[in-house]
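Here the structure is laid out as structure tokens; the discussion comes afterwards.
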There are 2 protein chains.
Amino acid sequence: MDNSKKYDVLKLENQLCFPLYACAKEVVRQYKPFLDELELTYTQYITMMVMWEKKEMNVKELGECLYLDSGTLTPLLKKLEAKGYITRSRSSKDERNLIIVITEAGEKLKEEAVLVPAKVGKCISLEPQEAQTLYKLLYKMIHQMNE
Amino acid sequence: MDNSKKYDVLKLENQLCFPLYACAKEVVRQYKPFLDELELTYTQYITMMVMWEKKEMNVKELGECLYLDSGTLTPLLKKLEAKGYITRSRSSKDERNLIIVITEAGEKLKEEAVLVPAKVGKCISLEPQEAQTLYKLLYKMIHQMNE
DNA sequence: ATCAAATAAATTGCATACAATTAAATCATG
DNA sequence: CATGATTTAATTGTATGCAATTTATTTGAT
């Protein structure tokens with residue numbers, strides 16, 4: 001092997017994972033000013049996105065949707081409950097399950113939240129075709145890694 | 001507006017940012033078993049990648065490379081110093097600057113680290129063309145957001 | 001029916017991330 | 001050349017993330 005090239009794989013610029021990691025963080029940062037208006041963090045926001053759609057979920061299901069575990073979700077859900085956007089209660093069918101249900105206030109928040117994607121979209125403008133390509137590649141990777 | 005579609009922008013499946021966020025986390029998880037062998041976290045690993053290439057950097061430069069601030073880097077660099085992979089010392093030219101220099105032990109670590117990318121590559125197999133496309137799109141976004 | 005195995009959350013411990021603030025050093029301008 | 005502005009790290013405080021463990025509950029095989 002050409003020794004001058006041996007360590008090139010360790011250069012940041014030759015990594016695919018690094019821009020992925022950096023880009024994800026930057027995107028979350030783009031969300032921040034808009035989410036601050038709703039007093040939500042990014043993780044709380046995506047959790048609410050699931051709740052806006054599903055209305056009722058248990059922690060395990062939420063974790064599967066969001067790729068988060070109970071160590072992250074438990075404190076986060078307690079905060080959302082404290083804000084009044086969800087309720088947390090044990091299932092009577094199976095006491096192990098904690099059922100998360102969206103509240104009226106939670107539903108109401110959706111009216112403001114619906115404006116967020118467009119605001120962020122202005123900061124991150126890819127061509128529709130590029131966005132589509134990126135979307136597919138990301139999910140391809142995600143599915144590949146979850147095997 | 002068609003009301004049945006009004007809130008579709010809030011569905012996780014219609015988000016580009018969510019798979020980005022999820023994929024980045026999953027990738028870091030793929031690294032973990034291999035980095036565990038080196039007793040490095042992912043963030044410590046990418047920091048070492050910069051050090052392997054540059055040998056000497058100050059905290060500000062590292063932060064620019066890695067998109068991290070001193071709040072993250074200061075404790076991380078202290079850990080890398082404790083492991084013996086870097087030294088931390090103030091510049092005599094400008095005492096505000098903290099100069100990070102890689103040590104012998106740090107250089108030595110590169111021998112094991114150089115095997116990591118291939119191992120991770122096996123878990124994340126995109127076609128070279130796809131990887132190239134993804135790489136370009138991610139950097140396009142990163143550069144756009146840093147304006 | 002009983003009890004070991006499995007399941008679901010919660011807890012614990014550690015390591016980021018990052019905004020905001022602070023402290024020290026240097027610069028720049030009158 | 002004095003001092004206010006700027007720059008660089010460090011610190012503080014809050015919120016993740018996740019592995020590993022614990023606790024409570026339920027399931028399932030005998």
Side-chain angles (χ1 to χ4, degrees), chain A residues 18 21-36 38-48 57-83 86 88-100 145-146, chain B residues 18 21-33 35-36 38-48 57-64 66-83 86 88-100 145-146:
Chain A
F18 173 69
Y21 158 88
C23 190
K25 284 190 309 166
E26 288 297 312
V27 165
V28 169
R29 214 200 307 272
Q30 299 291 315
Y31 271 94
K32 186 159 195 311
F34 309 121
L35 293 182
D36 277 352
L38 311 187
E39 293 185 273
L40 288 180
T41 64
Y42 181 73
T43 317
Q44 289 167 8
Y45 172 66
I46 58 175
T47 303
M48 287 306 298
M57 292 284 270
N58 64 38
V59 174
K60 180 186 161 66
E61 291 166 335
L62 269 173
E64 285 166 355
C65 281
L66 298 169
Y67 303 96
L68 293 172
D69 75 357
S70 66
T72 302
L73 284 173
T74 295
L76 185 148
L77 292 169
K78 284 179 179 174
K79 280 169 206 152
L80 288 178
E81 183 184 38
K83 291 174 200 280
I86 59 162
R88 298 165 66 250
S89 56
R90 293 286 166 179
S91 162
S92 53
K93 296 250 172 75
D94 184 340
E95 293 278 347
R96 290 172 304 182
N97 284 279
L98 187 74
I99 309 292
I100 313 300
M145 290 185 287
N146 280 281
Chain B
F18 174 69
Y21 158 88
C23 190
K25 285 190 308 167
E26 289 297 312
V27 165
V28 170
R29 213 199 307 271
Q30 300 290 315
Y31 271 93
K32 186 159 195 308
L35 293 182
D36 278 351
L38 311 187
E39 293 186 272
L40 288 180
T41 64
Y42 181 74
T43 316
Q44 290 167 7
Y45 172 65
I46 59 175
T47 303
M48 287 307 296
M57 293 283 270
N58 64 39
V59 174
K60 180 186 160 67
E61 291 166 335
L62 268 174
E64 285 166 357
L66 298 169
Y67 303 97
L68 292 172
D69 74 359
S70 67
T72 302
L73 285 174
T74 295
L76 184 148
L77 292 169
K78 285 179 179 174
K79 280 168 207 154
L80 287 179
E81 184 185 39
K83 292 175 200 279
I86 60 163
R88 298 164 68 250
S89 56
R90 293 285 166 179
S91 163
S92 53
K93 295 251 172 75
D94 184 339
E95 293 277 348
R96 288 172 304 182
N97 284 278
L98 188 74
I99 311 291
I100 312 300
M145 290 185 287
N146 279 281

Side-chain N or O of A/K32 closer than 4.0 Å to phosphate OP1/OP2 of C/dA17: no
Strictly distance-based, threshold 3.5 Å: is any side-chain N or O of A/K79 a donor or acceptor partner for the main-chain N or O of A/Q44? no
Indicate whether OP1 or OP2 belonging to D/dA9 is found under 4.0 Å from a side-chain N or O atom of B/N58. yes
Any donor-acceptor pair under 3.5 Å between the side chain of B/T41 and the base of C/dA15? no
I want to check one thing: is the phosphate of D/dC18, taken as OP1 and OP2, less than 4.0 Å away from some side-chain N or O of B/K25? yes
Would you say A/Y21 places a side-chain N or O within less than 4.0 Å of OP1 or OP2 belonging to C/dA17? yes
Compare side-chain N and O positions of B/K78 against OP1 and OP2 of D/dT11 and report whether any pair is under 4.0 Å apart. yes
Tell me whether the OP1 or OP2 atom of C/dA10 has a side-chain N or O from A/R88 closer than 4.0 Å. yes
Are OP1 or OP2 of C/dC27 and a side-chain N or O of B/R96 less than 4.0 angstrom apart? no
Using only side-chain N and O atoms of A/T74, determine if any of them is under 4.0 Å from OP1 or OP2 of C/dT11. no
Considering only heavy side-chain atoms of B/R90, the closest of D/dG17, D/dA10, C/dA9 is D/dA10
When rounded to the nearest 0.5 angstrom, what distance separates CG in A/L77 from OG1 in A/T47? 6.5 Å
Sugar-phosphate, base or nothing in reach of B/D69, heavy atoms under 4.0 Å: base
